[in-house]
Amino acid sequence: MRMSALFGHTLRDFPKEAETPAHGLLLRGGYIDQLMSGVYSFLPLGNRARLKIERVIREEMDNAGGQEVYLPALQPIELWEQSGREAALGDTLFHLRDRKERGLALGATHEEVVTRLFQDHAQSYRDLPAILYQIQRKFRDEARPRGGLVRVREFTMKDAYSFDADDDGLNRSYAAMFEAYRRIFARCGVPTVAVEADSGAIGGKGSQEFIFFTESGEDTIVYCDTCDYAANTEKAEFVRPPAAAADPQPTEEVETPGATTIEGLATFLGIDPAQTAKAVFMMATPKEGGRGTPVFAVVRGDLEVNEVKLMNALGGGVDLRPMLDSEVAEYGLVAGYASPIGAPSNVRVIADLSLEGSPNLVAGANKPGWHLRNVNLGRDWHAPTADIASAKAGHGCARCGGTLRSSRGIEMGHVFRLQYVYTKAFNVNVLGADGGQVMPTMGCYGIGVERILSAAVEANHDEAGICWPASIAPYDVHMVGIGLDRDEAAKADAEALYAELRAAGLDVIFDDRDERPGVKFNDADLIGMPLRLTVSSRNTAAGVVEFKVRATGEGENLPRAEVVQRVLEAHRALVEGLSVESAALRARTH
RNA sequence: CGGGGCGUAGCUCAGCCUGGCAGAGCGCUGCGUUUGGGACGCAGAGGCCCGCGGUUCGAAUCCGCGCGCCCCGACCA
């Protein structure tokens with residue numbers, strides 16, 4: 001590609017909507033353009049990077065036994081109603097109507113469609129196992145797009161769906177996808193760590209997320225400093241700090257004027273927050289709509305309620321929201337002084353595991369200005385217990401007793417064991433070897449393509465610009481021509497080299513513009529191709545071409561006759577350096 | 001959906017408080033000089049000042065109502 005003809009230009013200033021360094025570099029480099037909130041166009045450079053990422057994904061999916069399909073974005077709403085996800089996704093699903101007023105949805109994901117496809121075309125156990133995958137646009141009406149390309153409303157996703165006859169088969173497919181994912185992220189230069197995750201609205205159980213650690217991440221991950229346990233806080237198990245053992249003491253009222261928060265209460269009474277019980281009121285409303293159920297969640301004062309865990313403890317299928325003041329009054333609760341003792345019978349009380357071994361806590365007395373001392377679960381009040389509190393840095397690891405640490409991160413990919421969620425919803429069966437019916441068990445495996453793009457830039461840039469990982473760079477080589485308009489020999493040299501490099505199979509961008517050297521070098525650094533070659537009068541006269549590696553700054557003058565071979569070798573070395581092993585090393589030292 | 005910020009040239013922004021010709025830098029076009037890390041001169045092009053309504057002789061500027069974008073939270077496979 002000649003840069004004089006390339007559509008799109010670099011900007012000198014960072015556009016003000018740039019939310020992260022990576023987002024800013026992509027905007028400045030002429031890679032992407034925002035059309036509206038959460039919707040981006042890709043210019044030629046950005047599109048090439050996207051396609052390179054897709055190529056890596058295709059290669060790894062095909063190697064792992066996947067077969068690519070192409071599925072509709074326009075989908076009948078009935079399909080979503082049948083799986084129950086029309087309600088589960090709610091406003092996140094884009095709804096529309098055709099001219100005959102038929103209800104349609106824009107595909108937010110494709111489990112329903114692919115399950116139907118499988119049903120129509122799989123006939124017997126001989127069609128198992130099957131792994132179908134697609135790399136396509138998906139649409140989600142996100143409540144708040146953010147983070148540049150991180151949370152958007154229209155995006156490219158690779159989704160794979162596996163169908164197996166039994167658990168062993170599913171485990172094999174899952175393991176194959178897991179390994180493919182490690183290879184994909186490594187080859188794309190994005191260090192990720194696999195962590196245990198909540199399955200959310202997609203259903204199923206047993207899922208892992210591939211997380212790219214970054215301060216601007218949306219998720220909080222805890223990981224053990226001793227063993228390899230790592231999990232999203234939506235899911236993370238942990239050992240609660242132990243409470244001091246003590247015999248239950250008689251309950252007594254204590255006046256606590258103005259102490260409406262745990263912090264205020266602990267200060268007022270001169271005790272540790274862990275010696276209190278914290279009450280959080282929520283309303284659990286069915287996804288389908290309708291009247292909600294009041295929920296009274298109790299955790300020890302040193303912990304926080306985790307809404308995802310709470311939702312799962314309630315059996316799922318509900319939306320949780322904080323209770324309105326009017327509802328608090330309606331159910332006879334006293335904000336700041338609420339008590340699980342004598343909670344109204346129409347309020348669902350649920351206690352965190354931390355309450356079980358923590359005697360003599362201070363809890364609300366259910367009247368303004370008063371608390372109760374020495375409240376004990378099981379003696380003074382009763383409620384089912386569950387893990388409904390968030391793990392935090394400093395807590396104990398549930399696996400090995402080590403200490404948990406935490407970091408922010410972005411989900412790059414997610415692998416799920418769906419099992420029978422969709423085959424059951426659509427009553428999918430194939431003929432078994434014994435003549436009976438077999439219901440396939442499913443897995444699904446997603447990767448956000450633009451998230452990889454964004455994370456690859458975040459993980460690979462410096463002050464001057466992007467340093468693309470070689471396997472996903474829009475071009476392999478950036479050729480800079482200096483003063484070619486004033487030197488016929490240098491110009492001929494550059495043109496010849498441009499042709500030779502392309503003939504050798506390299507993707508080359510050739511800066512043939514009539515610009516000053518500084519402009520060209522700065523643009524080359526900004527848009528970030530992995531290798532740079534400079535052809536100029538003085539180099540041509542000396543029979544050399546300047547060679548430089550973008551990421552390291554290392555370089556040398558190569559004899560003209562060796563240039564193509566040396567560049568090929570250097571490029572191969574960069575691509576091979578993007579291995580699973582090197583990625584693991586980088587992730588560990590994040 | 002709650003709280004906050006912003007909206008003027010392709011980009012970054014000034015002008016608004018205190019109403020009176022639509023501005024700067026960068027970028028862009030042409031000509032000339034220059035040429036190894038974002039040169040210089042000359043001449044130009046480029047605007048629904050987010051929209052609608054109101055106040056006023058007169059509105060980018062004041063008032064009202066919308067819309068859009070961004071941030072924090074709620075939400076989020």
Side-chain angles (χ1 to χ4, degrees), chain A residues 8-20 23-24 27-28 30 33-39 85 88-93 107-111 138-148 150-153 155 157-159 197-204 207-210 216-219 232 234 282-283 285 287 307-308 311 319-322 324 410-416 418 421 444-448 451 463-465 480-487 490 511 513-526 532 534-540 546 548 553 557:
Chain A
H9 297 278
T10 57
L11 300 173
R12 283 221 195 183
D13 302 310
F14 278 97
K16 69 174 173 186
E17 77 239 38
E19 297 176 38
T20 62
H23 187 214
L27 289 166
R28 257 190 80 197
D33 178 79
Q34 182 170 8
L35 179 63
M36 57 178 169
S37 180
V39 179
R85 290 210 298 175
L89 266 71
D91 291 336
T92 301
L93 190 65
T109 175
H110 288 75
E111 280 79 15
K138 309 229 171 176
F139 302 86
R140 293 179 192 178
D141 195 357
E142 295 289 351
R144 181 150 94 81
R146 73 175 95 193
V150 169
R151 182 160 292 281
V152 290
R153 299 194 291 174
F155 57 100
M157 188 165 177
K158 188 287 300 178
D159 241 340
D198 181 67
S199 298
I202 205 157
S207 83
Q208 286 165 289
E209 291 170 332
F210 286 80
S216 60
E218 303 183 303
D219 294 308
N232 196 308
E234 295 172 358
M282 309 289 290
M283 285 298 289
T285 52
K287 297 270 192 187
E307 289 188 22
V308 173
M311 194 158 58
D319 276 323
L320 278 179
R321 60 168 175 80
L324 303 173
I410 298 173
E411 175 187 356
M412 291 287 123
H414 203 154
V415 291
F416 296 84
L418 288 176
V421 173
C444 79
Y445 318 90
I447 289 181
R451 281 190 180 182
E463 288 286 296
V480 178
I482 301 292
L484 302 187
D485 292 332
R486 287 170 286 119
D487 186 327
D511 193 347
R513 297 176 301 170
D514 181 19
E515 288 287 352
R516 296 175 62 83
V519 172
K520 295 189 174 198
F521 288 134
N522 281 312
D523 274 348
D525 288 345
L526 175 60
R532 191 184 81 189
T534 304
V535 177
S536 67
S537 294
R538 74 183 196 206
N539 288 343
T540 295
E546 182 188 314
K548 194 168 186 179
N557 287 333

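First the proteins, then the strands, lettered A, B, ... as listed; each starts at 1.
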If you look at every strand shown and take non-hydrogen atoms under 4.0 Å, does A:E234 touch a base, only sugar-phosphate, or nothing?
-> nothing

Inter-nucleotide P distance (B:C26, B:C72), Å rounded = 34 Å

Answer yes or no: does a side-chain N or O of A:S37 lie under 4.0 Å from OP1 or OP2 of B:C70?
-> yes

Could you check whether A:M36 gets within reach of a base, just the sugar-phosphate, or nothing at all, counting any heavy atom under 4.0 Å?
-> sugar-phosphate

Using atom CG of A:L27 as one end and atom P of B:C70 as the other, report the distance to the nearest whole Å.
-> 11 Å

Under 3.5 Å, is there a donor-acceptor pair between the A:D141 and A:T92 side chains?
-> no

Output yes when A:E142 and A:R151 qualify as a salt bridge under the 4.0 Å nitrogen-oxygen rule, no when they do not.
-> yes

Who passes salt bridge (Lys or Arg N to Asp or Glu O under 4.0 Å) against A:K138, sequence neighbours left out?
-> A:D159

Distance between C1' atoms of B:A9 and B:G23 (Å, rounded) | 10 Å

With C1' as the reference atom in both, quote the distance from B:G37 to B:G73 in angstrom, rounded to an integer.
-> 45 Å

Is any N or O donor-acceptor pair between the side chain of A:R146 and the base of B:G73 shorter than 3.5 Å?
-> no

If the sugar-phosphate is the primed atoms plus P, OP1 and OP2 and the base is the rest, what is the B/S/- string for nucleotides 10-16 of chain B, using protein heavy atoms under 4.0 Å?
-> -BSS---

Just call it for A:L320: base, sugar-phosphate, or nothing, with non-hydrogen atoms closer than 4.0 Å on any strand.
-> sugar-phosphate

Expected rows: protein N/O vs nucleotides 40-45 of chain B N/O, under 3.5 Å:
none

Mind checking salt bridge (Lys or Arg N to Asp or Glu O under 4.0 Å) for A:E546 and listing every partner two or more places apart, or none if nothing turns up?
-> A:R532

Return the set of residues passing salt bridge (Lys or Arg N to Asp or Glu O under 4.0 Å) with A:D487 (not counting sequence neighbours), or none when no residue passes.
-> none

Rounding to a whole Å, what distance do you find between A:D33:CG and B:C69:P?
-> 14 Å

If the C1' atom of B:G53 is compared with that of B:G4, how far apart are they to the nearest Å?
-> 27 Å

Hey, does A:Y445 reach any base, or is it just sugar-phosphate, or nothing, if we go heavy atoms under 4.0 Å?
-> nothing

To the nearest Å, how far apart are A:E142 CD and B:A74 P?
-> 15 Å

Roughly how far apart, to the nearest Å, are B:G30 and B:A45 at atom P?
-> 15 Å

Per atom distances to the A:Q34 side chain, the nearest of B:C76, B:C70, B:A74 is B:C70

Would you tell me whether A:E209 and A:S207 have side-chain atoms, one donor and one acceptor, within less than 3.5 Å of each other?
-> no

When the distance from CZ of A:R151 to P of B:C75 is rounded to whole Å, what number comes out?
-> 12 Å

Please state the C1' separation for the pair B:C50 and B:A43 - nearest whole angstrom.
-> 33 Å

When you compare B:A24 with B:G5, how far apart are their C1' atoms, in angstrom units rounded to a whole number?
-> 24 Å

Want to settle it: does A:R153 or A:F139 sit nearer the 5' end of RNA chain B, counting the closest nucleotide to each?
-> A:R153

Quote, to the nearest angstrom, the C1' distance that separates B:U33 from B:C70.
-> 45 Å

The contact string for nucleotides 29-37 of chain B, one letter per nucleotide 5' to 3', using protein heavy atoms under 4.0 Å with B, S and - for base, sugar-phosphate only and none, comes out as -----BBBB

